[in-house]
*Asks:* 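Just passing along the structure, written as structure tokens.
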Amino acid sequence: MKYRRPPGTNDVTPQQAIQWQQMEAVFADLCRRHCFGELRTPIFEDTDLFIRSVGHGTDIVSKEMYTFEDRGGRSLTLRAEGTAPAVRAYLENHLAQQDPQRLVKLYYVAPIFRYDRPQAGRYRQHTQFGLEAIGSDCPAVDVEIIQTAVELYQAAGLRDVVLKLNSVGCPQCAPGYVQALRDFMADKLDQVCDDCRRRYDENPLRMIDCKNAQCRIVVEQAPKMTDLLCEECEDHFGHVRRYLELLGISYDLDPYIVRGLDYYTRTAFEFVAASIGAQSSIGGGGRYDGLVKQIGGRSTPAVGIGIGVERVLLVREQQGVAQTEQPRDGCLVVTLGDAAWEAGLKLATMLRGHGVRADVDYRRRSMRAQLRHADGERFARALIIGDQELEQGIVAVRDMETGEQQEVTQDRLLQFVTGVPGQCEKQVD
RNA sequence: GUGGGCGUAGCUCAAUGGUAGAGCACUUGACUGUGGCUCAAGGGGUUGGGGGUUCGAAUCCCCUCGCUCACCCCA
């Protein structure tokens, strides 16, 4: 094979596309009911947008961005993350309409690009369903974001999805926690892995979600962010939990949830589904009260989530979620002989013009082969035309489900096939 | 960036140095104008690529490319 798709990318074949269309339809309907409006942004952005928002020290910025220079010398980057472009568009298009208190609820379906080493469930191009609610610090908004994701997973038929919840504090209390963590770890650096010794200096928070068994033992004794929240963050977190319980959404408190992007404040959460390999996170997000201002707007609270569509589909496949059988639909025009073939072409054209899924077998094969094709392609009916039918001005209509067959005159055919009374070929022509 | 596993038909996989196979899928026929079940036949392969050893390589050796899983990190 001379050409292959680039590593870490996927083709979606027509058969797989059915799953995608289902998921997209479910998501769009959920967003409609939750009053999120769709936002579409360019596939690339000013490189600086990602650096300034996601953070210099993060893996995404330091080694995973698809960055290039265009002919005008601008540095551009393929969308590495969904939130920053959404906030940029929110500001650029004045979606708040001069009212910074206005809650703007946005959703998107967008490809995300990160130069990572591919593995099960991790791709260099993947797709996120994203939700962003910009303009409110009400903890009930955090919960609505979470709730919408829960509803999506339910509609997708996923079982055993666990919500892990944490609060990472705010600029008032988080630095105090980092200091407390450093103080605690200072005399234990000989007990942790090399990476964690490096993290101690560069990004202490990362130490607490280290997977190394030895490190975990140490970290379990370390102070927890949720014990050191300031009064406001404590209150916010309490309300998030209260509303989750009010709406019947179960969760696990997990003090080790640390999001990999710098802009998160307060609420941080992740949805996890075991059984798809090491990359088990199927959605993650949190509050980012500082980001809008950082990107150049007025100080505006916000919260959002990204849902990994490929991973949701992986879980669905792995859990054997019953694929709804493709319903039979439309007509295959089956012809025998040259005269019938030409009549068949016209018939298929007429049907398509009236919204009917219709095709002919261009290989001009035996009737047996054509009917097998009609069955395999899940047509509802076969419209059979041979010399006899041509002479009599009729079509033999075969129901591919029941095998029942009857002769229908040409002028009644459209009505018969569409089930719409009072409509016939003569009228529409 | 680091490590492990694997590359044989469209798909899933056999064949341990001696003529490249099976199941499924596809095509055709049994049924000369009727799908699904059954049966039969058929098409399809530079065994990822290159080099080496050998009378002989899918098989052994070297190189290379690709895929995959895991670490890291993320959705």
Side-chain angles (χ1 to χ4, degrees), chain A residues 1-9 13 15 54 57-64 79-83 109-131 149 152-153 193-196 198-199 203 206 209-212 257-261 269-273 276-285 304-315 328 332 334-337 340 361 363 365-390 396-405:
Chain A
M1 201 77 67
K2 186 163 184 182
Y3 294 108
R4 312 179 57 90
R5 61 179 185 264
T9 61
T13 62
Q15 198 186 351
V54 176
T58 62
D59 281 6
I60 291 179
V61 168
S62 63
K63 56 185 187 189
E64 295 175 2
R79 180 169 36 230
E81 188 268 326
T83 300
V109 178
I112 307 285
F113 302 85
R114 287 177 206 160
Y115 192 89
D116 239 357
R117 190 75 181 265
Q119 71 184 74
R122 189 174 69 190
Y123 309 106
R124 287 182 176 173
Q125 175 179 345
H126 76 277
T127 311
Q128 287 187 16
F129 287 168
L131 296 170
L152 178 80
Y153 298 136
C193 66
D194 292 346
D195 284 334
C196 282
R198 178 177 50 77
R199 290 172 182 138
N203 194 348
R206 290 246 73 98
D209 70 342
C210 183
K211 274 84 178 177
N212 182 294
I257 295 289
V258 180
R259 309 290 313 159
L261 293 75
F269 57 86
E270 205 170 296
F271 287 95
V272 174
I276 52 168
Q279 307 301 322
S280 58
S281 171
I282 57 170
I305 184 176
I307 295 167
V309 183
E310 285 82 356
R311 287 186 187 174
V312 170
L313 290 173
L314 268 182
V315 176
R328 288 187 179 279
L332 182 72
V334 173
T335 68
L336 295 155
D361 188 301
R363 283 195 281 182
R365 295 183 295 172
S366 69
M367 180 153 164
R368 171 192 186 73
Q370 293 185 62
L371 282 173
R372 199 156 35 211
H373 185 241
D375 191 42
E377 297 299 313
R378 308 281 308 157
F379 284 99
R381 298 186 177 87
L383 307 186
I384 303 167
I385 309 176
D387 291 340
Q388 299 164 27
E389 287 79 6
L390 217 49
V397 179
R398 182 178 183 82
D399 186 309
M400 294 304 293
E401 191 65 49
T402 65
E404 287 166 19
Q405 191 165 315

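Labels below follow one simple rule: chain letters A, B, ... track the order of the sequence lines, proteins then strands, and each chain is numbered from 1. Quick caveat, the model's predicted, so the values are computed rather than measured.
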*Asks:* Does a distance-only test, which skips hydrogens and angles, find a donor-acceptor pair under 3.5 Å between the side chain of A:E64 and the base of B:rC74?
*Replies:*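 Checked by distance alone, the answer is no.
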*Asks:* Taking any heavy-atom pair under 4.0 Å as a contact, classify A:E81: base, sugar-phosphate, or nothing.
*Replies:*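 Answer is nothing: A:E81 stays at 4.0 Å or more from every strand.
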*Asks:* Rounded off to whole Å, could you give me the CZ-to-P distance for the A:R4 and B:rG49 pair?
*Replies:*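 Checked: the CZ to P distance equals 13 Å.
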*Asks:* Could you tell me the Watson-Crick or G-U partner of B:rG7, where both distances fall under 3.5 Å? Say none if there is no partner.
*Replies:*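 Pair assignment: B:rG7 / B:rC65.
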*Asks:* Answer yes or no: is there a side-chain heavy-atom contact under 4.5 Å between A:I305 and A:F269?
*Replies:*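 Contact flag for A:I305/A:F269 side chains = yes.
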*Asks:* What is the nucleic acid contact for A:I282, judged by heavy atoms within less than 4.0 Å: base, sugar-phosphate only, or nothing?
*Replies:*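 Touches sugar-phosphate only.
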*Asks:* Atom CG of A:D116 and atom P of B:rC72: how far apart are they, to the nearest Å?
*Replies:*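 Nearest whole value for this atom pair: 12 Å.
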*Asks:* Would you call A:H373 stacked on B:rG35, i.e. ring centres under 5.5 Å apart with the planes less than 30° off parallel?
*Replies:*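 Check failed, A:H373 does not stack on base of B:rG35.
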*Asks:* Indicate, with a heavy-atom threshold strictly under 4.0 Å, whether A:G376 touches base, sugar-phosphate, or nothing.
*Replies:*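 No contact.
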*Asks:* Between A:E404 (CD) and B:rG36 (C1'), how many Å, whole number?
*Replies:*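 Result: 16 Å.
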*Asks:* Just call it for A:I384: base, sugar-phosphate, or nothing, with non-hydrogen atoms closer than 4.0 Å on any strand.
*Replies:*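 If one applies the 4.0 Å heavy-atom cut-off, A:I384 turns out to touch a base.
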*Asks:* Decide yes or no for A:E310 and A:T127: does some side-chain heavy atom of the first lie under 4.5 Å from some side-chain heavy atom of the second?
*Replies:*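 Contact flag for A:E310/A:T127 side chains = yes.
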*Asks:* For B:rA14 and B:rA70, measure between their C1' atoms and round to the nearest Å.
*Replies:*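 29 Å, rounded to whole Å.
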*Asks:* Would a 4.5 Å heavy-atom cut-off, applied to side chains only, mark A:M400 and A:L371 as touching?
*Replies:*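 They are in contact (side-chain heavy atoms under 4.5 Å apart), so the answer is yes.
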*Asks:* When the distance from CG of A:D59 to C1' of B:rC72 is rounded to whole Å, what number comes out?
*Replies:*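 It is 7 Å, rounded to the nearest whole Å.
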*Asks:* Check whether any side-chain heavy atom of A:R124 sits under 4.5 Å from a side-chain heavy atom of A:Y115, and report yes or no.
*Replies:*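 Heavy-atom side-chain distance check passes, below 4.5 Å.
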*Asks:* Assign A:A396 to base, sugar-phosphate, or nothing according to its heavy-atom contacts below 4.0 angstrom with the strands shown.
*Replies:*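 Here A:A396 touches no strand at all.
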*Asks:* Which value, in whole Å, describes the distance between the C1' atoms of nucleotides B:rA40 and B:rC31?
*Replies:*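 One C1' to the other, the span is 14 Å.
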*Asks:* For A:Y153 and A:D375, find the nucleotide of RNA chain B closest to each by heavy atoms; which residue's nucleotide sits nearer the 5' end?
*Replies:*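 The residue mapped nearer the 5' terminus is A:D375.
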*Asks:* Across the strands shown, which category fits A:E401 at heavy-atom distances under 4.0 angstrom: base, sugar-phosphate, nothing?
*Replies:*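 Base contact - A:E401 has a heavy atom under 4.0 Å of at least one base atom.
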*Asks:* Describe the nucleic acid contact of A:Q388 in one word from base, sugar-phosphate, nothing, applying a heavy-atom distance below 4.0 Å.
*Replies:*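 Contact class for A:Q388: base.
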*Asks:* Has the side chain of A:R79 got a donor or acceptor atom that lies under 3.5 Å from a matching backbone atom of A:P111?
*Replies:*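 Such a contact is found between A:R79 side chain and A:P111 backbone.
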*Asks:* Does B:rG56 pair with anything, Watson-Crick or G-U wobble, both distances under 3.5 Å, and if so, with which nucleotide?
*Replies:*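 Pairing partner, where one exists within any strand: none, as none qualifies.
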*Asks:* Taking only the P atom of each, what is the distance from B:rU12 to B:rU8 in whole angstrom?
*Replies:*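 That atom pair is separated by 9 Å.
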*Asks:* What nucleotide among B:rA70, B:rU27, B:rG33 has an atom nearest to a side-chain atom of A:L336?
*Replies:*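 The listed nucleotide nearest to A:L336's side chain is B:rG33.
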*Asks:* A:R365 CZ to B:rG35 C1': how many Å, rounded?
*Replies:*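 Spelled out: CZ on A:R365 to C1' on B:rG35 is 12 Å.
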*Asks:* P atom, B:rU59 versus B:rG17: distance in rounded Å?
*Replies:*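 Comparing P positions in B:rU59 and B:rG17 gives a spacing of 11 Å.
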*Asks:* Does any donor-acceptor pair link the side chain of A:R5 with the base of B:rC67 at a separation under 3.5 Å?
*Replies:*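 No.
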*Asks:* If only side-chain N and O atoms of A:R378 are considered, is one of them under 4.0 Å from the OP1 or OP2 phosphate oxygen of B:rG35?
*Replies:*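 No, no such contact exists.
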*Asks:* Ignoring backbone atoms, establish whether A:R368 has a side-chain N or O less than 4.0 Å from OP1 or OP2 of B:rG35.
*Replies:*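 So the side-chain polar atoms of A:R368 do come within 4.0 Å of the phosphate oxygens OP1 or OP2 of B:rG35, strictly under.
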*Asks:* Taking B:rG4 as the reference, what is the distance to B:rA75 when you measure between their C1' atoms (whole Å, please)?
*Replies:*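 Result for the C1' pair: 25 Å, nearest Å.
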*Asks:* Counting the atoms with a prime plus P, OP1 and OP2 as sugar-phosphate, which does A:A374 contact under 4.0 Å by heavy atoms, base, sugar-phosphate, or nothing?
*Replies:*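 The answer is nothing, as A:A374 stays clear of every strand by at least 4.0 Å.
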*Asks:* Can you tell me the base-pairing partner of B:rC13? Count Watson-Crick or G-U wobble geometry only, both distances below 3.5 Å, and say none if there is no partner.
*Replies:*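 B:rC13 is paired with B:rG21.
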*Asks:* Scan every strand shown for a Watson-Crick or G-U wobble partner of B:rU2, both distances under 3.5 Å, and answer none if you come up empty.
*Replies:*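 B:rA70 - that is the nucleotide pairing with B:rU2, both distances being under 3.5 Å.
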*Asks:* Under 4.0 Å, counting only non-hydrogen atoms across every strand here, what does A:S366 touch: a base, just sugar-phosphate, or nothing?
*Replies:*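 Counting heavy atoms under 4.0 Å across all strands, the contact made by A:S366 is with sugar-phosphate only.
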*Asks:* Could you measure between the two C1' atoms, the one in B:rG7 and the one in B:rA58, and give it in whole Å?
*Replies:*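 Roughly 11 Å separates the two C1' atoms.
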*Asks:* Under 3.5 Å for both donor-acceptor distances, Watson-Crick or wobble: does B:rU34 have a partner, and if so which one?
*Replies:*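 Paired with B:rU34, as far as the under-3.5 Å criterion goes, is no nucleotide at all.
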*Asks:* Specify the residue among A:Y123 and A:A369 whose closest nucleotide of RNA chain B lies further upstream toward the 5′ end.
*Replies:*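 Taking each residue's closest nucleotide, the earlier one in sequence belongs to A:A369.
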*Asks:* Going by heavy atoms in the side chains, are A:R398 and A:V334 under 4.5 Å from each other?
*Replies:*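 They are not in contact (no side-chain heavy atoms under 4.5 Å apart), so the answer is no.
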*Asks:* Once you apply a heavy-atom cut-off of 4.0 Å, does A:E270 come out as touching a base, just sugar-phosphate, or nothing?
*Replies:*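 Result for A:E270 = nothing.
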*Asks:* Under 4.0 Å, counting only non-hydrogen atoms across every strand here, what does A:F271 touch: a base, just sugar-phosphate, or nothing?
*Replies:*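 Here A:F271 touches no strand at all.
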*Asks:* Which value, in whole Å, describes the distance between the C1' atoms of nucleotides B:rG10 and B:rG18?
*Replies:*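 Rounded to whole Å, the distance is 30 Å.
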*Asks:* Using a 4.5 Å cut-off on heavy atoms from C-beta on, say whether the side chain of A:R122 contacts that of A:R117.
*Replies:*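 Yes, close enough: below the 4.5 Å cut-off.
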*Asks:* Has the side chain of A:E389 got a donor or acceptor atom sitting under 3.5 Å from an opposite partner on the base of B:rG33?
*Replies:*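 Checked by distance alone, the answer is yes.
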*Asks:* Rounded to whole angstrom units, what separation is found between the CE atom of A:M367 and the C1' atom of B:rU34?
*Replies:*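 Nearest whole value for this atom pair: 4 Å.
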*Asks:* Report yes if a donor N or O on one partner sits less than 3.5 Å from an acceptor N or O on the other, where the partners are the side chain of A:R311 and the base of B:rC74; otherwise report no.
*Replies:*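 Looking at the base of B:rC74, it does pair with a donor or acceptor on the side chain of A:R311 (distance under 3.5 Å).
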*Asks:* Give a yes or no on whether the backbone of A:F379 and the side-chain of A:E377 come within a donor-acceptor separation of less than 3.5 Å.
*Replies:*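 Checked: no pair found.
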*Asks:* Does A:R114 contact B:rC73 through a side-chain donor or acceptor facing the base, at a distance under 3.5 Å?
*Replies:*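 Side chain to base: no pair present.
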*Asks:* Given that both distances must come in under 3.5 Å, which nucleotide forms a Watson-Crick or G-U wobble pair with B:rU28?
*Replies:*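 By the stated definition (distances under 3.5 Å), B:rA40 pairs with B:rU28.
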*Asks:* If I take atom CZ in residue A:R117 and atom P in nucleotide B:rA70, what distance separates them, rounded to the nearest angstrom?
*Replies:*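 Interatomic distance, CZ of A:R117 to P of B:rA70: 13 Å.
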*Asks:* Roughly how far, to the nearest 0.5 Å, is the CG atom of A:D361 from the NE2 atom of A:H373?
*Replies:*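 Taking NE2 in A:H373 and CG in A:D361, the distance rounds to 6.0 Å.
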*Asks:* I'd like the C1' distance from B:rC73 over to B:rU64, given in whole Å.
*Replies:*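 30 Å, rounded to whole Å.
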*Asks:* B:rU34, B:rC69, B:rG36: which one has an atom nearest the side-chain heavy atoms of A:A120?
*Replies:*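 Ranking B:rU34, B:rC69, B:rG36 by closest atom to the A:A120 side chain puts B:rC69 first.
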*Asks:* Tell me whether A:E81 contacts the main-chain N or O of A:I112 through its side chain, where contact means a donor paired with an acceptor under 3.5 Å.
*Replies:*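 Judged by distance alone, no pair lies under 3.5 Å.
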*Asks:* Taking any heavy-atom pair under 4.0 Å as a contact, classify A:G403: base, sugar-phosphate, or nothing.
*Replies:*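 It contacts base atoms.
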*Asks:* Does A:Q119 put a side-chain nitrogen or oxygen below 4.0 Å from OP1 or OP2 of B:rU68?
*Replies:*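 Looking at the OP1 and OP2 atoms of B:rU68, neither is under 4.0 Å from any side-chain N or O of A:Q119.
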*Asks:* Taking atom P of B:rU34 as reference, at what distance in whole Å does atom CD of A:Q405 sit?
*Replies:*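 Value for this atom pair: 10 Å.
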